[in-house]
Amino acid sequence: AVRSEERVEVWHEWRRECPDEKPDLEGADLQDLDLCFNKSPVWLSIDLSHADLSSSCLVRADLSLADLSQACLRDADLTETICTEARFSEADLKGAILKRADLSMAYFWNACLDEVDFSWAVLHGANLSGASLNKANCYKADLFQADLHAANLSLVSFCKADLRGADLLDVDLGWADLSWADLRETQNLTQQQVDSARTKYTEEEPLLPDDLWMQAAAFPLKYQRDK
């Protein structure tokens with residue numbers, strides 16, 4: 001039988017020989033597919049750069065370390081996928097579903113993430129610098145120490161999201177929902193950015209049921225200053 005790593009090498013050889021060919025996987029059913037060959041002597045990453053994966057089903061697929069740079073994943077379903085350290089630079093994921101996906105240390109530089117569903121997703125240490133997340137849903141997403149500098153975060157829902165230690169330099173938070181978001185130790189967050197966002201409460205921040213203290217997103221900087 002042909003080993004997985006041999007299949008990957010055949011794929012990569014074809015990509016090298018036909019650099020102008022863009023794999024057409026539109027609407028493909030790739031559910032539960034394991035494209036991370038970490039059981040081999042060396043880690044192998046699959047090259048899906050420039051591929052058309054729009055409307056494809058990648059539910060629970062393992063795409064760790066995969067190269068999806070400049071790929072089209074519009075309206076794709078990546079629910080519960082494992083994409084640790086995957087590269088999505090300049091990829092188009094508009095309208096994609098990444099609910100409960102593991103995107104730890106993933107690279108989304110300049111990617112289109114408009115209207116993406118990141119609810120409950122783990123973006124721990126992910127790089128989203130320069131990306132557009134207009135109208136994205138980041139409900140309860142883990143963005144701990146994520147790099148969001150220069151990202152467009154307008155109209156994003158960060159309700160109950162974990163943004164501790166995230167870099168928010170030059171981000172656009174226009175009408176973003178920061179209700180109950182954890183903004184402790186965020187970097188480069190200004191009062192002007194906070195004032196441009198919105199919240200659904202005006203009271204002093206409450207204790208959540210699990211007693212996790214969340215900073216009041218309605219006035220985080222003022223609150224710290226006046227406390």
Stepwise, does the side chain to side chain contact (heavy atoms under 4.5 Å, CB included) test hold for Gln70 with Ser49? CA-CA 6 Å; Gln70 298 184 31; Ser49 58; 5.9 Å; no
Worked verdict on Leu30 versus Leu53 for side chain to side chain contact (heavy atoms under 4.5 Å, CB included): CA-CA 10 Å; Leu30 303 173; Leu53 287 153; 3.9 Å; yes
What verdict does the side chain to side chain contact (heavy atoms under 4.5 Å, CB included) test give for Gln31 and Arg60, after you've listed the backbone C-alpha separation in whole Å, the side-chain angles of each residue and the deciding distance to 0.1 Å? CA-CA 6 Å; Gln31 184 169 320; Arg60 294 184 300 276; 2.8 Å; yes
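Side-chain polar atoms of Ser104 and Thr84 form no donor-acceptor pair below 3.5 angstrom.
Between the CZ atom of Arg164 and the CD atom of Glu185 there is a distance of 8.0 Å, given to the nearest 0.5 Å. With rounding to the nearest 0.5 angstrom, the CD atom of Glu115 is 12.5 Å from the CG atom of Leu93. The OG atom of Ser179 lies 10.0 Å from the NZ atom of Lys160; values are rounded to the nearest 0.5 Å. Asp24 CG to Ser54 OG: the interatomic distance, rounded to the nearest 0.5 Å, is 7.5 Å. To the nearest 0.5 Å, the span separating CG on Asp102 from CG on Leu123 amounts to 9.0 Å. For the atom pair CG of Asp67 and CD1 of Ile46, the computed distance is 10.0 Å after rounding to the nearest 0.5 Å.
For Gln193 (side chain) and Thr190 (main-chain N/O), a donor-acceptor pair under 3.5 Å exists by modelled atom type. No donor-acceptor pair closer than 3.5 Å links the side chain of Asp32 to the backbone N or O of Asp34. With Arg184 contributing its side chain and Asp162 its backbone, the two residues share no donor-acceptor pair below 3.5 Å. Within the 3.5 Å criterion, the main-chain N or O of Val116 finds no donor-acceptor partner in the side chain of Asp114.
Heavy-atom minimum distance, Lys22 versus His50: CB-O, 3.5 Å. What you find for Ala176 and Ala197 is that their closest heavy atoms are O-CB, 3.4 Å. Considering every non-hydrogen atom in both Met105 and Gly125, the closest pair reads SD-O, 3.6 Å.
Residue Leu103 forms a side chain to side chain contact (heavy atoms under 4.5 Å, CB included) with just one option from Leu78, Val122, Leu98, and that option is Leu98.
Grouping the Ile, Leu, Val, Met, Phe, Trp and Tyr side chains by contacts below 4.5 angstrom, directly or via other members, places Leu25 with Leu68. Leu143 and Ile82 fall into different hydrophobic clusters, where Ile, Leu, Val, Met, Phe, Trp and Tyr are joined by side-chain heavy atoms under 4.5 Å apart, directly or via other members. Hydrophobic cluster membership differs between Ile97 and Leu63, with clusters built from Ile, Leu, Val, Met, Phe, Trp and Tyr side chains linked at under 4.5 angstrom.
Residues Leu128 and Leu133 are in side-chain contact: their nearest non-hydrogen atoms beyond the backbone lie under 4.5 Å apart. By the 4.5 Å heavy-atom criterion applied to side chains, Arg15 and Pro23 are counted as neighbours.
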For residues 147-158, tabulate all N or O donor-acceptor pairs below 3.5 Å that involve a side-chain atom, not counting sequence neighbours.
| unit_1 | atom_1 | unit_2 | atom_2 | d |
| --- | --- | --- | --- | --- |
| Asp147 | OD1 | His149 | N | 3.2 |
| Asp147 | OD1 | His149 | ND1 | 2.7 |
| Asp147 | OD2 | His149 | ND1 | 3.4 |
| Asn152 | OD1 | Ser154 | N | 3.1 |
| Asn152 | OD1 | Ser154 | OG | 2.8 |
| Ser154 | OG | Asn134 | OD1 | 2.9 |

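Ring orientation note: the planes of Phe108 and Phe118 are nearly perpendicular, at an angle over 60° on the 30°/60° scale.
As a member of the Ile/Leu/Val/Met/Phe/Trp/Tyr network built from side-chain separations under 4.5 Å, Tyr107 groups with Trp109.
Counting heavy-atom neighbours within 6.0 Å of Trp14 CH2, excluding the residue itself, gives a total above 12.
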